[in-house]
Amino acid sequence: MITIFIFFLILISTADAFTKQRQYLSLQDSQFLSPQNAARTTLRMKPLVWDKRLARYAQWYANQRRYDCALRHSNGPYGENIFWGSGNGWMPAEAVTAWVSERKFYNYWSNSCSGGQQCGHYTQIVWSSTRRVGCARVTCSGGKGVFMTCNYDPPGNYIGERPY
């Protein structure tokens, strides 16, 4: 009888921990991860998974940009997409939408962007060997706007290689 009671307590505590973790992940999922995986799904690619280590790195770097909101890359060991928007209402899904919208400028056959356009944010999201992502958002001081970043591992966007 006591064994059943202990088992029941363990089951309840495990379920509670899972629920709390799922709530945290669902925030990341709905804001950053889902829209990127939707872009990958259209190409029948494996979805990215949220990586806490990458999210910590992204948060560390976003905090560096909190004071100036400069649209500069971290030059770290990961693939990276960055976003800046004026005002403070920008949400992660809007940053991802901007990155994914570069799809229209990517030409698979020439493996290049249309003249004068950017498409590297999109190609990083759909880079076939990338498996993990972590992202962060900060509101910059002094009304300078919102800065967001996502980091990808393994990185992509190697010159001369196609993303998929």
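Numbers for residues simply follow the sequence, beginning at 1.
Under the 3.5 Å distance criterion, the side-chain polar atoms of Arg65 are left unmatched by any main-chain donor or acceptor of Val138. No donor-acceptor distance shorter than 3.5 angstrom exists from the side chain of Lys46 to the backbone of Arg131, with no hydrogens or angles considered. The closest donor-acceptor contact from the side chain of Asn81 to the backbone of His121 lies under 3.5 Å. A donor-acceptor distance shorter than 3.5 angstrom exists from the side chain of Asn111 to the backbone of Glu161, with no hydrogens or angles considered. Remark: the backbone N or O of Arg72 is not paired with any side-chain donor or acceptor of Trp84 at under 3.5 angstrom. Although no hydrogens or angles enter the test, the distance criterion places a donor-acceptor pair under 3.5 Å between the side chain of Thr130 and the main chain of Pro154. Listed for the Tyr108 side chain is a donor-acceptor partner under 3.5 Å among the backbone atoms of Tyr164. Of the possible polar contacts, one joining the Ser128 side chain to the Pro163 backbone as a donor-acceptor pair under 3.5 Å is found. In terms of modelled atom types and a separation under 3.5 Å, the side chain of Glu80 and the main chain of Ser74 share a donor-acceptor contact. At least one donor-acceptor pair closer than 3.5 Å links the side chain of Arg40 to the backbone N or O of Ile125.
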- [ ] Please test Tyr122 against Phe105 for side-chain contact (heavy atoms from CB on, under 4.5 Å), starting from the C-alpha separation and ending with a verdict.
- [x] CA-CA 9 Å; Tyr122 168 71; Phe105 302 124; over 6 Å; no
TODO: Decide side-chain contact (heavy atoms from CB on, under 4.5 Å) for Asn151 and Asp153; before the verdict, give the C-alpha distance in whole Å, the side-chain angles of both, and the deciding distance to 0.1 Å.
DONE: CA-CA 7 Å; Asn151 291 96; Asp153 192 46; over 6 Å; no
- [ ] Report the C-alpha distance between Gln36 and Cys150 in whole Å, list the side-chain angles of each, state the deciding distance to 0.1 Å, and finish with yes or no for side-chain contact (heavy atoms from CB on, under 4.5 Å).
- [x] CA-CA 10 Å; Gln36 294 186 73; Cys150 287; 3.7 Å; yes
Open item on the list: Evaluate Arg137 against Gln31 for side-chain contact (heavy atoms from CB on, under 4.5 Å), listing each step before the verdict.
Closed with: CA-CA 10 Å; Arg137 175 192 184 278; Gln31 295 182 12; 5.8 Å; no
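Below 30°, between 30° and 60°, or above 60°: for Tyr57 and Tyr78 the angle between ring planes is above 60°, a perpendicular geometry. Relative ring orientation between Tyr61 and Phe147 is described as perpendicular, the plane-to-plane angle rising above 60° on a 0-90° scale split at 30° and 60°.
Applying the side-chain contact (heavy atoms from CB on, under 4.5 Å) test between Tyr152 and each of Asn157, Leu48, Leu54 identifies Leu48 as the sole match.
Residue Cys69 comes nearest to Gly145 through the heavy atom pair SG-C, 3.8 Å, listed as atom of the first residue, atom of the second, then distance. Summarising the geometry of Cys113 relative to Gly120, their closest heavy-atom pair is SG-N, 4.4 Å, with the distance given to 0.1 Å. Contact between Ala58 and Thr149 at its shortest, heavy atoms only, is O-CG2, 3.4 Å. Here the shortest heavy-atom pairing between Ala95 and Phe83 reads CB-CG, 3.5 Å. Between Ser112 and Cys119 the shortest heavy-atom distance is C-SG, 4.2 Å. The two residues Lys144 and Tyr67 come nearest to each other via the heavy atoms NZ-O, 2.9 Å.
The local environment of CZ in Arg103 is sparse, with at most 12 non-hydrogen atoms from other residues, nucleotides or ligands closer than 6.0 Å. Other residues, nucleotides and ligands contribute more than 12 heavy atoms inside 6.0 Å of the CG atom of Asn63.
Note on Met45 and Val96: same hydrophobic cluster, where clusters join Ile, Leu, Val, Met, Phe, Trp and Tyr whose side-chain heavy atoms are under 4.5 Å apart, directly or indirectly. Note: the hydrophobic cluster containing Ile82 does not contain Phe32 (ILVMFWY, side chain heavy atoms under 4.5 Å, direct or indirect links). Hydrophobic cluster membership differs between Tyr106 and Trp127, with clusters built from Ile, Leu, Val, Met, Phe, Trp and Tyr side chains linked at under 4.5 angstrom.
How far CD of Glu94 is from CE of Met148: 7.0 Å, rounded to the nearest 0.5 Å. Atom CZ of Arg56 sits about 8.0 Å away from atom CG of Asp51, to the nearest 0.5 Å. In this structure, CZ on Arg162 lies 8.0 Å from OG on Ser110, to the nearest 0.5 angstrom.
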